[in-house]
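Scroll down for the structure; my scribbles are underneath it.
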Amino acid sequence: MTSLFQSHQLGALTLPNRVVMAPMTRVRAAPGGLATPSMATYYAQRATAGLIVSEGVQPSLIGQSNPGTPGLHTEEQQASWRPVTEAVHANGGRIFAQLMHGGRVSHPDTTGFQPVGPSAVPAVGEVFTPTGPQPTPVPRALETAEVPEHARSYAEAARRAVDAGFDGVELHGANGYLISQFLSTNANLRTDRYGGSVAHRIRFAVEAVSATVEAVGAARTGIRLSPGGTFWGVRETDVTELYTALLGELARLEVAYVHLEATADEEVLVALRRAWPGTLVMNPVLPMGPKQTGRSEADHWLGLGADLISFGRAFIANPDLVERLRTGVPLAPVDEATYYQGGDAGYLTYPAHQYSA
């Protein structure tokens with residue numbers, strides 16, 4: 001069976017192991033959506049991962065979901081990321097930027113704009129704003145002629161990411177954000193070429209990926225998906241058909257990888273593994289809840305055909321996660337109160353285990 005500690009070729013990158021650091025929002029960017037020296041330290045501490053995927057980075061101001069998150073749509077933001085990528089590379093790591101357009105999961109108090117989405121249907125729940133949680137507003141439905149510019153925003157941010165030293169980008173097509181909204185059957189009520197049939201609902205995702213591939217190359221482009229996920233109230237009524245069709249288009253584009261969350265039954269996910277001919281990153285544990293992905297979940301999915309395994313919460317408190325998994329050292333617990341509080345406590349303060357020589 002494939003070992004978690006075997007190397008894997010991902011485009012031009014040789015990953016020394018199959019451990020991926022999953023994208024996790026930590027809301028520690030500086031004003032203006034700038035990356036910080038603390039962020040450089042945080043990612044560099046975790047550079048033994050085969051691949052790091054950064055926290056979600058907005059490709060445009062209107063695409064910003066939460067306050068305190070970084071961007072890649074201005075020259076200043078682009079320049080702020082270079083010390084981060086340089087620190088990761090100096091420690092021997094590889095890092096992709098996750099590009100995340102929040103779509104309807106946003107608020108005017110955060111961006112100064114009414115959020116946009118495929119249809120004028122609000123997300124379910126409360127969204128973070130600079131003054132605290134508020135109900136999600138009704139988004140403005142995008143006009144047909146406007147949709148391509150939002151697809152292109154991923155490509156423009158990808159170009160900036162590569163110029164800032166990232167090894168590639170991952171489009172956030174999961175968890176109820178903009179690409180996921182277009183895939184949905186209840187957030188997307190459109191009757192034009194971006195809504196209705198499966199072929200129409202996957203169009204936005206395909207256009208965003210196609211533009212990104214054209215901008216930075218297929219080998220530098222991945223996408224994260226959450227088949228059947230219900231984040232922010234999205235619903236998908238035809239999961240296997242929808243994602244099989246989307247994976248077929250992604251295969252034609254020869255993207256570097258598909259990153260799946262375990263948001264559907266195992267039978268569905270295994271069928272999608274069979275439908276996808278390229279590198280598959282599997283995230284075995286749902287984003288919400290206390291459970292951390294460990295060695296047993298990783299080995300299970302490697303046995304089912306995944307190529308790489310992504311770990312989220314386990315990486316927060318364990319900067320040396322790869323070595324802990326290799327040696328069987330227990331994982332340190334994470335303090336959930338520090339997830340989004342800002343500052344370096346609970347961010348840079350988790351020590352590596354002291355291994356005997």
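Being a predicted model, the structure only gives us computed values, none of them experimental.
At a threshold of 4.5 Å between non-hydrogen side-chain atoms, the residues S180 and F231 do not count as touching. A heavy-atom distance below 4.5 Å is found between the side chains of L304 and E266. The closest side-chain heavy-atom distance from R224 to L260 is not below 4.5 Å. When side chains are defined from C-beta on, S7 does not count as touching L15, because their heavy atoms never get closer than 4.5 Å. Side-chain contact between T48 and D320: absent, with no pair of heavy atoms (C-beta onward) separated by less than 4.5 Å. Residues E55 and Y43 are in side-chain contact: their nearest non-hydrogen atoms beyond the backbone lie under 4.5 Å apart.
The aromatic ring centres of Y257 and F96 sit less than 6.0 Å apart. For H101 and H172, the ring centers sit 6.0 Å or farther from each other. For Y194 and H200, the gap between ring centers reaches or exceeds 6.0 Å.
Salt-bridge check for D299 with R295: passed, with a basic side-chain N closer than 4.0 Å to an acidic carboxylate O. The existence of a salt bridge linking R152 and E214 is excluded, since no basic side-chain nitrogen approaches an acidic carboxylate oxygen closer than 4.0 Å.
Counting only N and O atoms by type, the side chains of Q45 and Y350 include no donor and acceptor under 3.5 Å apart.
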Given the rule in the side chain to side chain contact (heavy atoms under 4.5 Å, CB included) test, do S119 and R190 qualify, once you have shown the distances and angles that lead to the verdict? CA-CA 7 Å; S119 301; R190 303 177 74 93; 3.8 Å; yes
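Between the side chain of T327 and the main chain of E323, a donor-acceptor pair closer than 3.5 Å is present.
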